[in-house]
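Data first, discussion second: the structure below is written as structure tokens.
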Protein chains: 2
Amino acid sequence: MASSDDQAVRATIVAAADRLYYARGIQNVGMDAVRAEAGSSLKRIYGLFPSKDLLVAAVLDHRTAMWWSGVDRAAAGAQTPREQLLSVFDFLNSWFRQDDFRGCAFINSFGELGATSPRVSEKVRAQKESFHSYVRDLVRRAGLADGVALQVTLLVEGAQTVAAITRDRDVVPQARRAAVVLLDAAAAEAGDSRAGQGAVPADGR
Amino acid sequence: MASSDDQAVRATIVAAADRLYYARGIQNVGMDAVRAEAGSSLKRIYGLFPSKDLLVAAVLDHRTAMWWSGVDRAAAGAQTPREQLLSVFDFLNSWFRQDDFRGCAFINSFGELGATSPRVSEKVRAQKESFHSYVRDLVRRAGLADGVALQVTLLVEGAQTVAAITRDRDVVPQARRAAVVLLDAAAAEAGDSRAGQGAVPADGR
DNA sequence: GACGGTGGAGAACGGGCGTTCTCCATGCGG
DNA sequence: CCGCATGGAGAACGCCCGTTCTCCACCGTC
């Protein structure tokens, strides 16, 4: 069958839905608007995505791919784990500058549907945990304690939230500067001696 | 007019709507559900709030009051601006522990309605900017550069986002530790004579 | 040219929701 | 006891939306 055609149409529909959902919010975009934006027909859409929920899931997968593509592109020139970690902020910087920037699609979707759609909720959690895991891996390769990975992750997520809401231009530079300070502090602690464990209750990971 | 009665009923309705909106998302809660939860009538509700949009605005105002009340309570025992800054994380900690915690209502509302409701968008922005301003004031009183205020704000917002999505227990402790590092670094930079003191208030929590 | 099937346009259906309206019970001043 | 304002219950209205269905134009095959 025309499976390759199907793949192309699928991609067109997902891209169209993504544009609309991101700009207006998922619940504010009807299937008819998606149809119009994709230049397709409802029958075709429902043939490829049996329900709106599944289309939303496909859009989130698409967003995941876009995210990693941006992260990878920014990390391409980095030589060390530390540089790779900091390159995330270069990615954020170019992303936030786009005039259609409206925050993190995952965070927005979670706010909108997290309480009612387990599918959405699960996709969002998977994406966030996978990014945290990516950061943790780089932190380990840099020879630092895991804790700083969560710290950097908080900066990245906070930057997305604050940039979306306030459009403050200093967000990414400050986030990056904070990350540098935190990485340096963790490096100093690691270089010090193994005595330097945080005073956290139950840090038995 | 029974204006004091009106005030009490207003508060009841707002509290009921807040509970439902926070738990399920604004768009997933109809006026009829609010009526049932508030034990009131639609006529009464529409007499006090001419439209759902205005009820939502009142709910956001209510959330703002709750936020500052929590922040103030946590800051009550703090002696210095630095302690006040760190007490924010104590507030977050007790908040995130509540089993009905579902993230920051402002961030959720923004994700849901930010693109379509200027009123919501504006309230959210005002709340976030007012918190940033609160942090900046404390940072200044601690004799530190403004930049670190944004850094701490990013940690606070990131903590709310990540805690909502992943329910990771380490979020607040790590956010607090990161804040300490950032404040210390800013103090060292400021060349303040008292900078190095009180680096990590051991079990001070 | 007839024909079956493919896919598009868009109407139709069922349900939900914001908002308004109708009807009625209640209580109070004459 | 009557009239009337008050406010509750919930039906009604209009609209939107997810999903399905109907109709029809088009295309390759006999």
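Computed from heavy atoms alone, side chains included, the values below leave out hydrogens, waters and symmetry copies. Just so we're on the same page: letters track the sequence lines, and every chain starts at 1.
Side chain of B:L42, nearest nucleotide from C:dT22, C:dA11, C:dT19: C:dT19. With C:dA9, C:dT19, D:dG8 as the candidates, the nucleotide lying closest to the side chain of B:S41 is D:dG8. Nearest nucleotide to the side chain of A:M31, out of D:dG18, D:dA11, C:dA9: D:dG18. Checking C:dT20, C:dT22, C:dG8 against every side-chain atom of A:K43, the shortest atom distance belongs to C:dG8.
Residue A:Q79 places its CD atom among 12 or fewer non-hydrogen atoms of other residues, nucleotides or ligands, all under 6.0 Å distant. For CZ of A:R141, the number of neighbouring non-hydrogen atoms (other residues, nucleotides, ligands) closer than 6.0 Å is greater than 12. Residue-environment remark: CZ (A:R167) exceeds the threshold of 12 foreign heavy atoms within 6.0 Å.
The shortest side-chain heavy-atom distance between A:S121 and A:L113 does not fall under the 4.5 Å cut-off.
Nucleotide C:dC17 holds its C1' atom 15 Å from the CG atom of B:D53, rounded to whole Å. Between the C1' atom of D:dG18 and the CZ atom of A:F49 lies a distance of 16 Å, rounded to the nearest Å. A:L55 has its CG atom 15 Å from the P atom of D:dC17, to the nearest Å. Residue A:Y46 contributes atom OH, which lies 13 Å from atom C1' of C:dC13 at whole-angstrom precision. In this structure, B:L54 places its CG atom 13 Å from C1' of C:dG18, rounding to the nearest Å. Counting to the nearest Å, the P atom of C:dA11 and the CZ atom of A:R35 are 11 Å from each other.
In terms of position along DNA chain D, the nucleotide closest to B:R44 lies nearer the 5' end than the nucleotide closest to the other residue of the pair A:N28 and B:R44. For the pair A:P50 and A:Q27, nearest-nucleotide mapping onto DNA chain D gives the more 5' position to A:Q27.
Between B:F91 and B:W67, the ring-plane angle classifies as perpendicular under the 30° and 60° cut-offs. Classification of the B:W68-B:F131 ring pair by plane angle, with boundaries at 30° and 60°, yields tilted.
A:K52 has a side-chain polar atom (N or O) that falls below the 4.0 Å cut-off from OP1 or OP2 of D:dG18.
Heavy atoms of B:V34 sit nowhere under 4.0 angstrom from any nucleic acid atom.
At a cut-off of 3.5 Å, with distance as the only test, a side-chain donor of B:R73 or B:S69 sits close to an acceptor on the other residue.
Remark on the helix from C:dG1-D:dC30 to C:dG30-D:dC1: inter-end axis angle 30°, axes from five-pair C1' superpositions, rounded to 10°.
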